[in-house]
Amino acid sequence: MNTNKPYSGKLTPETIVKNDVGFMVPLYQRLFAWSKDEVAELLDDLKSHFEKWSDAEPSDIHFPYYLGVVTTVPFKERHCLVDGQQRCTVLMIMASVFGRISPEWKAFFENGNRLELFAREDDAKFLKGLADGITQRKNGNTLMAEAYMAIEKFLASMDSEQQKSFVDGCFSRITILNSILPPNYLLEPSSLNRYFEIMNSAGVSLEQHEVLKVSLLSEQKDQTKLLQIWNLCSDFSAPLLRKKEDVNEKEYSDKYLELFSQSTEEAINTIIQYNNISEKPEESDGLYPTIAEIDVEPQEFNNLLGESNERSVLSFPEFLLLTLDIYKNLNGEWKFYKVDELNERFKEYLLNAPGAIPGFYDKLLKLRIALDLYVIRRRIDGQESDYSLIFKDQDNKADNDCLEQYEAMLSVSTPYYKWLKGVLEYVLDSQNGKASSDILAVLKTRDNAQHPYPASVSELSYGNVDRYWFWRLDYYLWEQIAKPKEPEDDNLEKSRQIQSYRQAIFDYTFRTNRSIEHLHPQNEANNSAWDRAEIDSFGNLAMISQSFNSQQSNEDVHVKFSRIETQARNKALQSIKLLRMYLSVKGNPDGWSPEAAKKHEEEMMKVLYTSYIQD
């Protein structure tokens with residue numbers, strides 16, 4: 001094997017042979033896990049890719065088939081595979097079959113020595129046995145033998161000319177990107193844990209991200225910087241700047257505001273320095289260390305999902321699409337935001353203009369900082385959840401609370417791209433103020449435009465109502481508590497009654513509840529008879545969780561009211577509207593009548609109407 005400087009960048013089987021690149025699979029890696037169906041799917045995809053480009057011009061001969069990114073650490077004369085051993089093993093098994101047709105692939109296979117399977121004697125013997133045509137095995141991982149037979153079967157479906165064309169195409173066009181970590185990463189496994197936490201936090205669509213990452217980096221000059229931005233932005237398990245115990249919320253917000261004002265290069269250095277375990281700026285002469293210069297030290301990773309089990313309001317693939325939409329000013333709607341077409345969107349709008357790709361990365365980092373700072377994150381602790389917002393507008397707690405709660409309402413009621421794009425574009429505009437009240441006003445204005453006041457109350461009856469209206473109404477009922485106004489004289493008593501439940505209302509958390517509850521039940525066996533229109537009127541409806549709705553069922557109104565009181569005492573309200581229905585006849589459950597429902601409906605419609613004319 002080559003003992004020269006590790007080979008980084010794009011690798012094809014051809015360049016691997018030319019540069020004599022060897023790999024090693026360390027003991028801690030899992031066994032080969034690809035099924036024969038997955039191998040067959042890869043081969044079919046390769047064949048389709050080659051056929052698609054069969055009429056390409058000679059100048060387009062380098063159209064690659066990207067197999068993703070592998071992560072390696074230099075180890076003696078080989079590249080130790082931290083990530084990507086499954087794909088490299090598949091390539092070795094393919095090479096053992098293709099080598100009968102192509103001497104180039106035979107050189108790649110190198111009698112099974114191209115890939116060293118450390119401390120896996122059975123698997124290593126199987127690979128080397130393939131050079132002698134030994135394809136059966138009694139011990140070890142039988143999936144390797146099944147993969148071999150799947151490749152043989154695939155080639156057998158072609159004539160000799162097709163086989164040669166396919167095998168040669170694979171040799172020159174299968175492409176992986178080798179991302180090399182510093183050698184000292186092998187010395188401390190917990191640093192590899194941290195690396196995987198960053199690389200894998202994107203979730204179920206990771207394979208698409210790997211393909212996109214390689215496509216974006218292709219032919220770019222400053223790949224190291226761009227890869228660094230990608231890895232920082234793709235970690236959605238926690239904010240870019242991890243909050244430190246000795247930093248209060250205002251200081252944390254100010255640090256993010258400072259980060260938000262910095263250039264791309266400054267921001268990268270700030271993030272590295274701020275999150276570095278051993279910060280010693282006085283020893284750096286004002287220069288921040290590169291990743292290879294940072295000492296690898298033992299770390300604790302007790303919570304791989306992030307501090308306090310936090311979640312962003314969108315996923316990394318959704319964030320990529322949102323960034324593309326804003327960067328290219330595309331005004332994308334729901335079809336644009338289909339994450340299963342992530343790569344198609346980028347091929348359509350960005351990959352055809354490679355000169356614009358560095359600017360996309362700058363925008364990606366800037367928007368990720370803005371997302372952290374100005375957009376809520378959800379915290380989940382067991383069955384409980386709430387929201388947090390890093391941005392703190394001086395000491396204006398009421399406006400801060402309202403911004404956090406309004407974003408929470410939108411996060412459960414409205415597709416993310418319909419509201420997030422507006423707030424992010426607003427804060428990116430350097431001409432705009434960044435006060436909580438200003439951001440909240442922008443959100444409300446856009447929301448009002450997307451959801452005009454209902455033309456008639458019949459639009460809110462059961463069977464017609466959009467669930468959005470329950471969430472919106474709950475927000476404005478909540479805001480009455482967070483920012484109370486002087487009540488009118490005839491509402492003094494009602495206001496005092498509501499204020500007695502102030503803390504229960506203030507602690508209300510928006511959830512993705514979707515079950516519509518009839519307070520006066522549809523099955524009236526235990527209740528008096530109402531007209532159907534009265535039962536289905538907005539005044540008789542609230543939105544709660546499916547489990548609570550099942551519990552309420554067709555119970556007597558007395559029983560339902562007792563459960564609402566229990567929720568209020570436990571600060572676990574599921575609907576502020578439902579609480580207001582209860583309070584309107586508190587002490588007299590028999591008073592929940594068609595007339596009471598009608599009066600409640602009129603009051604709620606007034607709250608909704610007023611929400612459109614607020615200053």
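The figures here come from the full heavy-atom set of this structure, side chains too, leaving out hydrogens, waters and symmetry mates.
- Side-chain contact, T270 with Q262: a donor N or O sits under 3.5 Å from an acceptor N or O.
- Using cut-offs of 30° and 60° on the angle between ring planes, the pair Y256 and Y252 is perpendicular.
- With sequence neighbours excluded, the residues satisfying ring-ring contact (aromatic ring centres under 6.0 Å, His included) with Y453 are Y609, Y612.
- Residue E41 qualifies as open at atom CD: its count of foreign heavy atoms under 6.0 Å is 12 or below.
- Qualifying side-chain contact (heavy atoms from CB on, under 4.5 Å) partners for R532, counting only residues two or more places apart in sequence or in other chains: H518, Q522, I535, D536.
- When each of F506, F510, Y508 is tested with W478 by the rule ring pair (Phe, Tyr, Trp, His ring centres under 6.0 Å), just one qualifies, namely F506.
- Without hydrogens or angle criteria, Q450 side chain to K418 main chain gives a donor-acceptor distance under 3.5 Å.
- Side chain to side chain, Y582 and E565 meet the donor-acceptor criterion of an N or O pair below 3.5 Å.
- The distance from atom OH of Y468 to atom CG of L473, rounded to the nearest 0.5 Å, is 10.5 Å.
- For the pair F561 and K586, the minimum side-chain heavy-atom distance is 4.5 Å or more.
- A donor-acceptor contact closer than 3.5 angstrom is absent between the side chains of S35 and D37.
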Show the numbers, then the answer: is there a side chain to side chain contact (heavy atoms under 4.5 Å, CB included) between L320 and L364? CA-CA 8 Å; L320 286 171; L364 188 72; 3.9 Å; yes
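- Side chain of K483 to main chain of A398: no donor-acceptor pair is present (N/O by atom type, distance under 3.5 Å, no hydrogens or angles).
- Environment of CD in E459: crowded, with over 12 heavy atoms of neighbouring residues, nucleotides or ligands closer than 6.0 Å.
- Of all non-hydrogen atoms in A356 and Y327, the two that sit nearest each other are O-OH, 2.7 Å.
- Using a 4.0 Å cut-off between a side-chain N of Lys or Arg and a carboxylate O of Asp or Glu, D235 and R242 qualify as a salt bridge.
- The pair K444-E479 counts as a salt bridge, with a side-chain nitrogen and a carboxylate oxygen less than 4.0 angstrom apart.
- Counting heavy atoms from C-beta outward, L321 and F316 have side chains that stay 4.5 Å or more apart.
- The pair E603-K606 fails the salt-bridge criterion, with no side-chain N (NZ, NE, NH1 or NH2) lying under 4.0 Å from an Asp/Glu carboxylate O.
- In this structure, the separation between CG on L579 and CG on L477 is 9.5 Å, given to the nearest 0.5 Å.
- Atoms CG and CD1, from L389 and I376 in turn, are 8.0 Å apart once rounded to the nearest 0.5 Å.
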Y387 vs E407, side-chain hydrogen bond (donor to acceptor under 3.5 Å, both in side chains): CA-CA, chis, key distance, verdict: CA-CA 9 Å; Y387 298 88; E407 288 189 359; over 6 Å; no
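- Taking the charged nitrogens against the carboxylate oxygens, E341 and R345 do have a contact shorter than 4.0 Å, which makes a salt bridge.
- Between the D447 side chain and the L443 main chain, no donor and acceptor come within less than 3.5 Å of each other.
- A heavy-atom distance below 4.5 Å is not found between the side chains of D438 and V442.
- Annotation: side chain of F336 is not in contact with side chain of N331 (no heavy-atom distance under 4.5 Å).
- Judged purely by distance below 3.5 Å, without hydrogens or angles, the side chains of Y406 and D401 never pair a donor atom with an acceptor atom.
- F538 pairs in a side-chain contact (heavy atoms from CB on, under 4.5 Å) with only one of the listed residues (K577, K598, H600), which is K577.
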Is there a side chain to side chain contact (heavy atoms under 4.5 Å, CB included) between I229 and R368? Walk through the geometry before answering. CA-CA 10 Å; I229 291 172; R368 177 58 208 272; over 6 Å; no
Any chance you could lay out the side-chain hydrogen bond (donor to acceptor under 3.5 Å, both in side chains) test for D386 and T509, step after step, and finish with the verdict? CA-CA 6 Å; D386 62 359; T509 299; over 6 Å; no
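- No donor-acceptor distance shorter than 3.5 angstrom exists from the side chain of E517 to the backbone of L541, with no hydrogens or angles considered.
- No side-chain heavy atom of L367 sits less than 4.5 Å from a side-chain heavy atom of L322.
- Ring planes of F319 and F236: tilted class, angle from 30 to 60°.
- Between Y417 and K421 the shortest heavy-atom distance is O-CB, 3.6 Å.
- Side-chain contact between I271 and L365: present, with at least one pair of heavy atoms (C-beta onward) separated by less than 4.5 Å.
- The main-chain N or O of D45 is never found under 3.5 Å from a side-chain atom of S48 such that the two would form a donor-acceptor pair.
- Going from atom CZ of F346 over to atom CG of N352 covers 12.0 Å, rounded to the nearest 0.5 Å.
- In the model, N464 has a side-chain atom that pairs as donor or acceptor with a side-chain atom of S461 under 3.5 Å.
- Remark: D393 does not engage K434 in a salt bridge, criterion side-chain N to carboxylate O under 4.0 Å.
- Across all their heavy atoms, A504 and L573 have their closest contact at O-CD1, 3.7 Å.
- With no hydrogens or angles considered, no side-chain donor-acceptor pair links W471 and N513 at under 3.5 Å.
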Go through the steps to decide whether S584 and W592 satisfy the test side chain to side chain contact (heavy atoms under 4.5 Å, CB included), and finish with yes or no. CA-CA 8 Å; S584 68; W592 187 250; 3.6 Å; yes
Take Y337 and D325 through the test side-chain hydrogen bond (donor to acceptor under 3.5 Å, both in side chains) and record every step on the way to the result. CA-CA 9 Å; Y337 282 94; D325 189 0; 2.6 Å; yes
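- The main-chain N or O of N248 is found under 3.5 Å from a side-chain atom of E251 such that the two form a donor-acceptor pair.
- Between D474 atom CG and R580 atom CZ the span is 10.5 Å, to the nearest 0.5 Å.
- Side-chain atoms of S611 and R472 include a donor-acceptor pair closer than 3.5 Å.
- A donor and an acceptor atom, one from each side chain of Y361 and K366, are nowhere located under 3.5 Å apart.
- With no hydrogens or angles considered, a side-chain donor-acceptor pair links Q503 and D507 at under 3.5 Å.
- Interatomic distance, NE2 of H451 versus OG1 of T414, reported as 4.5 Å (0.5 Å rounding).
- Residues F360 and L350 have side chains in contact (heavy-atom distance under 4.5 Å, counting atoms from C-beta outward).
- Annotation for L410 and W419: closest pair O-NE1, 3.7 Å, computed over non-hydrogen atoms.
- Ring planes of Y374 and F391: tilted class, angle from 30 to 60°.
- Taking all atoms of both residues into account, the shortest heavy-atom contact from R377 to S312 is NH1-CB, 4.0 Å.
- Closest approach of Y475 and C402 over heavy atoms only: OH-CB, 3.5 Å.
- A donor-acceptor pair shorter than 3.5 Å cannot be found between the side chains of E344 and Y349.
- Side chain of K255 to main chain of L259: no donor-acceptor pair is present (N/O by atom type, distance under 3.5 Å, no hydrogens or angles).
- Using a 4.5 Å heavy-atom cutoff, the side chains of N540 and E534 are not in contact.
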